[in-house]
Trainee: 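Dumping the structure here so I can ask a few things about it.
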There are 2 protein chains.
Amino acid sequence: MRKTKTPPPVDNGADSKAAEYKAALLRENRRVTSYDVAMVAGVSQSAVSRCFKPGASVSKSTYARVMKAAAGLDYIPNAAARSLITRRSNIVAVVISHTANLYYPEALAELSAQLTRRGKRVLLFTMQHEADVEQILGDVWQYQVDGAIVAAALSEEQVQEFERRRLPLVVFNRNLRGRTVNSVLCDQYESGRLLATRLTAAGHRQFGIVAGPDTSTVATERRNGACDKLHELGLPAPVVVTGQFDYASGARGLREILDRLGRIPDAVICGNDVMALGCLDYARHELSIDVPGTMSVAGFDAVEPSNWLSYNLTTLRQPIHNMALAAADLLTSLIETDGRLAEKRTFAPQFVEGATARLRPLGDDSLAA
Amino acid sequence: MRKTKTPPPVDNGADSKAAEYKAALLRENRRVTSYDVAMVAGVSQSAVSRCFKPGASVSKSTYARVMKAAAGLDYIPNAAARSLITRRSNIVAVVISHTANLYYPEALAELSAQLTRRGKRVLLFTMQHEADVEQILGDVWQYQVDGAIVAAALSEEQVQEFERRRLPLVVFNRNLRGRTVNSVLCDQYESGRLLATRLTAAGHRQFGIVAGPDTSTVATERRNGACDKLHELGLPAPVVVTGQFDYASGARGLREILDRLGRIPDAVICGNDVMALGCLDYARHELSIDVPGTMSVAGFDAVEPSNWLSYNLTTLRQPIHNMALAAADLLTSLIETDGRLAEKRTFAPQFVEGATARLRPLGDDSLAA
DNA sequence: TTGTAGGCGTTATCAG
DNA sequence: CTGATAACGCCTACAA
C-alpha cells in the first residue's frame, strides 16, 4: 500500500500541503508521482491520471485543483510507466549509418522534423557500417519503440523478425528485392541508367565509374544501372573502381581509372556527390583537366555543396524532403492502424544539369533544352 | 494473479511447451514476458530475470534452460518495465538544432558514436531555432532519460530545472556565463580574437564581419572576440552584418559589406565555415575578386568541405571528436556517480592556415612558419 | 542457488 | 464525474 508510505492527508491549506510534500519528497529522494499530486489536490490518483489524458471526462474544478498541485510539485507523467500499460511509447527508432556521405545528415534532419511534428520522438541508432545493423536490432526490440525507419540493407530474416514482433517497419532508401516491405525510395537503378543515357546522348563513349562500396545496395544499383545501359548501347566497357563514398575516394578513384585506362575517359560517373566533388577537384586542381571540356563528371544526390558556385555539379537529386515526409506518413499510419499491408513508394530522381558535364553533342551549338 | 491466465504447466516435453506457448501468445495477441519464459523453462520468473542481469548468481543448468526457452520464444526484456523499477533507462537526450550549419551533423555523429560505445541510447531532439528549446524540455522530463547533452542556449531557469529534477546535464558548445554548469566547449571569444590577431599581424586593417544570428551565443562570442581585438588595436571599425549560418548568407553578407563600405575590405571574417565558403565563392566567381590577393576570407569550425581542394579555407578548427568524447565521458560519470559537481572543459581551437587569407605582411617573402 | 512477494508509476475497467 | 482495484513487465530484498 502506497498510502502507508506517504504522510496522512492533514488538511491545512493547499499551499502548505504542497510545501510539505516538496520537503518530504526531497528528503526521501523520491520522484513526484500522480499519487503525490492527488494527495495535495485532495482527489484520487485516477483523477490526476485523467487530467493528463486529453479528452477524458473531468470537471472543471478538479482539473484546476489538480493542475495547480501538479505545477506546484513540478509533476510530469512518467512516460515509461505509461507506455508499459498503453503499449505505446511514442518513440520511433531511426537506424542510419553515419558515413562520410552527406546525404544521411540531411535525411536524418528531415526525418526528425517530420516525426516530431507527428508527436513521435526519435531514438537514434547510428552505425559505422551497414553490417552492424544486426547488433542494433537487438536494442531496437528492447526499447519498445512503436516502429522503425531503417536506412540500411536488411536481410530476409531481419525483415521477418519485424513482422514476427509486429513492429511497423519502413525501409528508407533501400530496395529490398523480392520482399513486400513498406519502403520509401528513389529508383537507383533507373537513376544510373538515366545518367548514362544523358551522357551517351552527348557523345561520351569511354566511361569511368567510381562506384560506392559493394556493401551498399544503393551503390551497386547505381553502378549496375549505368553499366547495363552502356552495355546495351554497345559502348566500350567502362573502367569501374570502388570507393567509400567519401571525398578522398573521388580522387583515388580517378587516379585509378587513369592508370588502368591509360588515357582520360570521356566521362566519370561517381556513386555519390561527395566522391564526384573529390574527383572533380582532383581533376581540375591537381591534373589541370578541363571539366567539362575534356572530361565530364557527374554524381548522385544533389547534396548541398554540389550546388555551390565552385562546383555546380551535374547530378541526380533525390527528393529528400518528400521522401522523409512519405516515410513519416507511412510509419505513423502503420502505427495507428496496426496495418500489415506493404507499400512501396518510389520517387523519381530529378536531373540537375549543372555545369560539370557536357550534355550536348560536340559541335552542337543550339541552345535547345 | 498472472498464473490464472496462462495454461497450467503440463509437462510434455520442452519443445512442445514452447510451441504451445507461441501459439497461445499469438492467439491472445500478448507480448512475450519473462513469465512465459519461466513457464517454458520450468523455473520461476525471478530466475529468468536474473539470467538477463549480468553478474547475477544463476547455476549453469538453469541459465541454459532459460536461455533456450527465451530463444524459442524470441524473448527480450522490456526496457520500459525495467527502467520503471531500476530508475535507469540507459537513454540520453541529445538536444541539438538542425540548422544549415554543417557543424551539427558532425557533432551529432560523434556524440552518438561515443554514447553508444558506453551503452547509452540517444533520444534525439532537434529544433529549427534554439528558442524552441523550452517546448522540448517538457518532453525530456517525460521520457525518463538518464541525462542530457544540450547544444543550445539555456536560460538560468532552465538550468535550474535540470538541477531540481536531478537530471545530469552537459551543455555542449555553449558558454553559459555566470552559471556553474557541466559544459564542454571551445573558447569562441578567444577564437574570434585569435583570428583577428593573425589577420591584423599580416597588415589587414579594414575588416568586414559576417556574423551569425544574434540568437546564437557562439555567433556573438566570435563576433565580439574579433571586434574587441580590432578595437584594442585601434583599427578602423569593422563593417558588421548578420547572416544565418548558411551558404547564401555568405554571399549576401559580402554584398552588404561592399555596399556599406564602398570598397573591398582587406579581410572578411565569417561566423562559420559555411558562410565563409559562400562569401569566398561569391567573391571569386561573381565578383572576380582575388582571394587572398586582394581580400582575405576566414571562417570557423573546419567542417569537411572547408578542406576540399577548391577551398582550402583559412579557419579555426573545433576539435569535435575530442569534444564529443569529453561530453560523453562527463555525462556518463555524472550518471554513474550521481555527481553534482560542475566542470567546464574548454578546448582550444586549432588554427588552420589554409590558403584563403594572406597571413604575412605584404612584401614579406620569407617562408618562415 | 532458487522461489515468493511487493513495488516501480501509470492507465483501464467498472462500480458508485 | 469520481474512486477503488487490477493490470503492465520487470527487479530485488528476503526467506528457504
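Throughout, protein chains are lettered first and strands after them, A, B, ... in sequence-line order, and every chain is numbered starting at 1.
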Trainee: Whole angstroms only, please: what is the CZ-C1' distance between A:R65 and D:dT2?
Mentor: 12 Å
Trainee: Between C:dG9, D:dG3, C:dG3, which nucleotide has the shortest distance from any of its atoms to the side chain of B:A47?
Mentor: C:dG3
Trainee: Let me know the distance between CZ of B:R31 and P of D:dG9, rounded to the nearest Å.
Mentor: 6 Å
Trainee: What I'd like to find out is whether the side chain of B:I335 reaches to under 4.5 Å of the side chain of B:V92, using heavy atoms alone.
Mentor: yes
Trainee: Can you measure A:Y35 atom OH to C:dG9 atom P for me and round it to whole angstrom units?
Mentor: 10 Å
Trainee: Could you state the CZ-P distance from B:R88 to D:dT12, rounded to the nearest angstrom?
Mentor: 11 Å
Trainee: Which of the following nucleotides, D:dG3, C:dA5, C:dT10, is nearest to the side chain of A:Q45?
Mentor: C:dT10
Trainee: OH of B:Y143 versus C1' of C:dG9: gap in Å, rounded?
Mentor: 16 Å
Trainee: Around atom CD of B:Q135, are there more than 12 heavy atoms of other residues, nucleotides or ligands at under 6.0 Å?
Mentor: no
Trainee: Rounded to the nearest Å, what distance is computed from the CG atom of residue A:L84 to the P atom of nucleotide C:dC8?
Mentor: 14 Å
Trainee: So what does A:Y75 hit on the nucleic acid, given a heavy-atom distance under 4.0 Å: a base, only sugar-phosphate, or nothing?
Mentor: sugar-phosphate
Trainee: Could you say whether A:A56 or A:S46 is positioned toward the 5' end of DNA chain D, judged by the nucleotide with the nearest heavy atom to each?
Mentor: A:A56
Trainee: Tell me whether the side-chain N or O atoms of A:S49 pair up with the base of C:dA12 as donor and acceptor below 3.5 Å, since no angle test is needed here.
Mentor: no
Trainee: Could one point to a donor on the side chain of B:R50 or the base of C:dG3 with an acceptor on the other under 3.5 Å away?
Mentor: yes
Trainee: From the options C:dG9, C:dT2, D:dC11, select the nucleotide whose nearest atom is closest to the side chain of A:T33.
Mentor: C:dG9
Trainee: Reckon B:R87 has a side-chain N or O less than 4.0 Å from the OP1 or OP2 of C:dG9?
Mentor: yes
Trainee: Quick one, A:S333 with A:D329, criterion side-chain contact (heavy atoms from CB on, under 4.5 Å). Give me CA distance, side-chain angles, the key distance, then yes/no.
Mentor: CA-CA 6 Å; A:S333 87; A:D329 275 342; over 6 Å; no
Trainee: Separation of A:R82 atom CZ from D:dA7 atom C1', in whole Å?
Mentor: 17 Å
Trainee: Quick one: CZ on B:R50 to OG on B:S44, what's the gap to the nearest 0.5 Å?
Mentor: 6.0 Å
Trainee: Counting the atoms with a prime plus P, OP1 and OP2 as sugar-phosphate, which does B:V48 contact under 4.0 Å by heavy atoms, base, sugar-phosphate, or nothing?
Mentor: nothing
Trainee: Using OP1 and OP2 only, check whether a side-chain N or O of A:K53 sits under 4.0 Å from C:dA12.
Mentor: yes
Trainee: Rounded to whole angstrom units, what separation is found between the CD1 atom of B:I76 and the C1' atom of D:dG9?
Mentor: 14 Å
Trainee: Tell me the bend of the helix from C:dT1-D:dA16 to C:dG16-D:dC1 as the angle between end helix axes, each from five pairs, rounded to the nearest 10 degrees.
Mentor: 30°
Trainee: Kindly indicate whether the side chain of A:T62 and the base of D:dT2 share any N or O donor-acceptor pair separated by less than 3.5 Å?
Mentor: no
Trainee: Is B:Q144 side chain donor-acceptor paired with the C:dC8 base, going by distance under 3.5 Å alone?
Mentor: no
Trainee: Give a yes/no answer on whether the side chain of B:S57 brings an N or O atom under 4.0 Å of OP1 or OP2 in C:dT1.
Mentor: yes
Trainee: Is any side-chain nitrogen or oxygen of A:S34 closer than 4.0 Å to OP1 or OP2 of C:dT10?
Mentor: yes
Trainee: Considering only NZ, NE, NH1 and NH2 on the basic side and carboxylate oxygens on the acidic side, decide whether A:D36 and A:R31 come within less than 4.0 Å.
Mentor: no
Trainee: Does a side-chain N or O of B:S59 approach OP1 or OP2 of C:dT2 to a distance below 4.0 Å, or not?
Mentor: yes
